[in-house]
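Taking it in order: structure first as structure tokens, then the write-up.
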Amino acid sequence: MKREAIKDLLYKIADDQLILGHRNSEWTGLGPILEEDIAFSSMAQDKIGHSLAFYTLLHDLGEPEPDIIAFSRSASRFRNSQFTELPNGEFDFSLIRHFLYDNAEAIRFEKLSTSSYAPIAKVATKLKGEIKYHVLHANTWLRNLGSSTEEAITRLQNSLNTLMPYALGMFEPSVHEQELIATGIYPGEEKIKAEWLTKIQQVVAQTELTLPDISSLPPMLGGRAGQHTKYLQPLLNEMAEVIKIDPTAEW
Amino acid sequence: MTLEKEAILRLLEEVKDPEIPVLSLVDLGVITAVDIAVDGHVTVNMTPTFAGCPAMDYMKKDVEQMLARHGISHFTVRMSFDDPWNSNKLTEKGRTALKDFGLAPPPTYDLILDLDILEYATCPNCQSTNTTMRSPFGPTLCRALHFCNNCHQMFEQFKPL
Ligand SMILES: [Zn+2]
């Protein structure tokens with residue numbers, strides 16, 4: 001029973017990282033300036049590395065090899081939030097998603113670093129340092145652009161309004177929620193969400209942007225149960241292109 | 001053939017970071033333990049600098065090849081997060097090697113890696129600390145881009161972590 005709860009937790013974390021990592025990599029060669037091209041490519045590498053660390057923990061619990069887990073499931077077996085699979089849109093859209101996601105990820109890693117399940121705690125202890133650079137990057141850009149030109153502010157605000165319901169979908173509780181909390185493995189999504197709101201509010205308050213009132217926003221749920229938008233399957237097809245042609249290929 | 005632990009470490013001193021060829025894996029701090037069992041089996045434990053660093057696979061293979069080349073036939077090289085890497089694990093010798101290579105070494109810190117530390121760097125060209133972080137992401141995962149306000153040059157820093 002506890003084993004199922006841990007697997008479910010690992011899957012949702014790793015799938016979010018893999019899918020967002022892939023989206024980040026789509027900025028390679030397209031970034032608005034060279035430094036941002038490099039930044040999104042680096043964050044893609046980090047995120048895919050993080051997902052590998054969590055897929056390895058799943059493999060240790062009897063699941064298939066990380067490459068198999070990553071490349072041979074269909075969309076309905078992915079546990080990522082719909083938030084991470086949405087297409088990149090324009091730079092403002094990607095930046096807002098990056099800001100909303102990585103501030104949550106940093107809190108998740110911080111909490112997991114004291115998890116009662118030692119293998120998760122070890123990985124999170126390592127990754128909580130790496131994620132600080134993602135948060136630093138996101139918050140710096142948000143502060144700069146969020147108080148710059150009227151066009152930048154309008155674009156960011158529109159993206160924030162569009163993405164907020166999807167971001168709330170990250171905190172979709174799992175059926176194992178109470179068990180994970182009771183056993184000290186994970187503090188639960190409500191707790192992470194509350195801290196996340198405080199964090200992002202602090203940054204947004206330093207800009208001309210306004211955080212949408214979440215009390216009247218229905219979150220976009222379903223991702224954690226395998227319900228996805230039409231955008232996920234094409235992404236998975238593209239990701240698995242090489243392995244489908246040659247399952248032994250190394251790249 | 002059996003070797004002492006010190007001899008193994010000397011061999012590993014010869015294995016360099018493929019991206020920074022002046023820096024040995026020992027000085028980088030990614031070799032976390034070397035054990036020699038009574039039957040002579042050598043176990044080398046390694047840990048990645050950054051989890052997504054593509055150079056780690058090469059480093060692991062380089063270690064295996066170095067051991068094999070020196071007649072060690074029974075060995076295991078393990079990569080794990082058991083003793084996770086942080087930039088304080090870089091040795092003094094490693095920091096000097098980074099500087100000579102033109103990379104600012106990461107500042108050492110106590111316990112908590114806060115924002116001030118992430119953004120702090122000493123210019124490797126003129127030693128000024130009047131520098132500004134331009135981007136937390138550089139040409140490789142372990143490097144950040146900074147600008148020196150004193151000598152007006154961009155430089156790269158090996159990131160504190
Ligand atoms: Zn200088």
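Worth knowing before you read on, the calculation uses all heavy atoms, side chains too, and leaves out hydrogens, waters and symmetry mates. Each chain gets a letter, A, B and so on, in the order its sequence line appears, and its residues count up from 1.
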Within 6.0 angstrom of Lys89(B) NZ, more than 12 heavy atoms from elsewhere: yes
Option that, when pairs with chain B are counted at under 4.5 Å, heavy atom only, ranks first among Ser42(A), Ser41(A), Gly129(A): Ser42(A)
Distance, nearest 0.5 Å, that separates OG1 of Thr56(A) from CZ of Phe81(B): 7.5 Å
is_close_aromatic(His134(A), Phe137(B)), centroid dist under 6.0 Å: yes
Atom NE2 of His74(B) with >12 non-hydrogen neighbours under 6.0 angstrom: no
Enclosure of Glu90(A) CD (heavy-atom neighbours >12, cutoff 6.0 Å): no
Structural part of Pro160(B) lying under 4.5 Å from a heavy atom of chain A: both
Taking every non-hydrogen atom, the tightest pair across Lys126(A) and Ala51(B): CE-N, 4.4 Å
Residue pair Leu136(A) / Met133(B), side-chain heavy-atom distance below 4.5 Å: yes
Proximity breakdown for Asp82(B) and chain A, heavy-atom pairs closer than 4.5 Å: both
More than 12 heavy atoms of other groups within 6.0 Å of Lys16(B) NZ: yes
Closest non-hydrogen atom pair, Ile38(A) against Gly138(B): CG2-O, 3.1 Å
Where Thr49(B) and Glu130(A) come nearest, the two heavy atoms and their spacing: O-OE2, 3.8 Å
Contact residues of residues 140-147 of chain B (partner chain A; heavy-atom separation under 4.5 angstrom): Leu141(B), Leu145(B)
Inter-chain contacts: residues 110-126 of chain B against chain A, heavy atoms under 4.5 Å: Leu113(B), Leu115(B), Leu118(B), Glu119(B)
Contacting region of Leu127(A) [heavy-atom separation from chain B under 4.5 Å]: side chain
Heavy-atom side-chain contact between Ser135(B) and Tyr133(A) under 4.5 Å: no
